[in-house]
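Structure record follows, encoded as structure tokens.
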Amino acid sequence: MSGIGALARRVLLGPNVVARAAARSAARREEAWMLCQPRSVRASYVREVLDHGDDPVHAEIWMLRQPRAVRESYIKQVLEPDG
């Protein structure tokens, strides 16, 4: 989710219906996964990762602090989608 622009930021912070529509045309699995998350999860990603310069360390910290269900969905949908 690096190099995010103003439009992408608005989509992440927008209503679920907008984000899910954008997920259908996402180029990468992790982008689609993020766009399918509840608005509160997407907003925390913007606040805790993107607002800190989209640093990979902040992204890792953010993920580790997420509830188990969020982390498990990332594993299933992004890291091992065929498993």
Side-chain angles (χ1 to χ4, degrees):
M1 302 263 335
S2 61
I4 190 160
L7 176 60
R9 184 183 182 89
R10 284 196 301 267
V11 171
L12 282 170
L13 296 174
N16 290 337
V17 67
V18 172
R20 288 200 174 96
R24 289 192 289 274
S25 61
R28 298 175 7 206
R29 285 192 302 257
E30 58 267 24
E31 292 169 352
W33 174 83
M34 177 60 73
L35 290 164
C36 289
Q37 295 305 300
R39 190 179 199 177
S40 61
V41 173
R42 299 189 321 266
S44 74
Y45 181 82
V46 169
R47 192 174 51 252
E48 297 173 29
V49 179
L50 300 182
D51 288 352
H52 291 278
D54 200 15
D55 183 333
V57 172
H58 288 289
E60 185 173 3
I61 292 168
W62 176 85
M63 180 60 79
L64 291 170
R65 289 182 172 159
Q66 294 308 298
R68 182 180 181 104
V70 173
R71 295 189 320 266
E72 288 293 328
S73 73
Y74 185 83
I75 291 167
K76 289 177 184 166
Q77 296 173 27
V78 176
L79 299 178
E80 53 184 32
D82 300 325

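These numbers come from the heavy atoms of this one structure, side chains and all, not from hydrogens, waters or symmetry mates.
Applying the salt bridge (Lys or Arg N to Asp or Glu O under 4.0 Å) test to R68 and every residue at least two apart in sequence or in another chain returns E72. Taking R24 as the reference, A21 meet the side chain to side chain contact (heavy atoms under 4.5 Å, CB included) condition, with sequence neighbours excluded. With sequence neighbours excluded, the residues forming a salt bridge (Lys or Arg N to Asp or Glu O under 4.0 Å) with D51 are R9, listed by chain and number. Partners of P56 by side chain to side chain contact (heavy atoms under 4.5 Å, CB included), not counting sequence neighbours: none found. With sequence neighbours excluded, the residues that form a side chain to side chain donor-acceptor pair (under 3.5 Å) with N16 are R42.
Smallest separation of non-hydrogen atoms from L50 and D54: CD2-OD1, 3.5 Å. Shortest non-hydrogen contact noted between R47 and H52 is O-CD2, 3.5 Å. E48 and H58 make their closest contact through O-CB, 3.8 Å (heavy atoms, listed as atom of the first residue, atom of the second, distance). Contact record, Q66 with V41: OE1-CG1, 4.3 Å, taken as the closest heavy-atom pair. Here the shortest heavy-atom pairing between E31 and A26 reads CB-CB, 3.9 Å. Contact record, W62 with V49: CB-CG2, 3.5 Å, taken as the closest heavy-atom pair.
Distance check: L64 CG to R71 CZ gives 7.5 Å after rounding to the nearest 0.5 Å. Interatomic distance, S44 OG to R65 CZ, rounded to the nearest 0.5 Å: 11.0 Å.
Annotation: side chain of L35 is in contact with side chain of L12 (closest heavy-atom distance under 4.5 Å).
Tracing side-chain contacts under 4.5 Å through hydrophobic residues (I, L, V, M, F, W, Y), one reaches V46 starting from M63; they form part of the same cluster. One hydrophobic cluster, built from ILVMFWY side chains closer than 4.5 Å, holds both V70 and I75.
Evaluation of the ring-ring contact (aromatic ring centres under 6.0 Å, His included) test over residues 11-30, restricted to residues two or more places apart or in two chains, returns none.
The backbone N or O of L79 lies less than 3.5 Å from no partner atom in the side chain of R29, so there is not a single donor-acceptor pair.
Aromatic ring pairs are classed by plane angle as parallel below 30°, tilted from 30° to 60° and perpendicular above 60°; the pair Y74 and W33 is perpendicular.
The number of heavy atoms from other shown groups lying within 6.0 Å of CD (Q77) is above 12.
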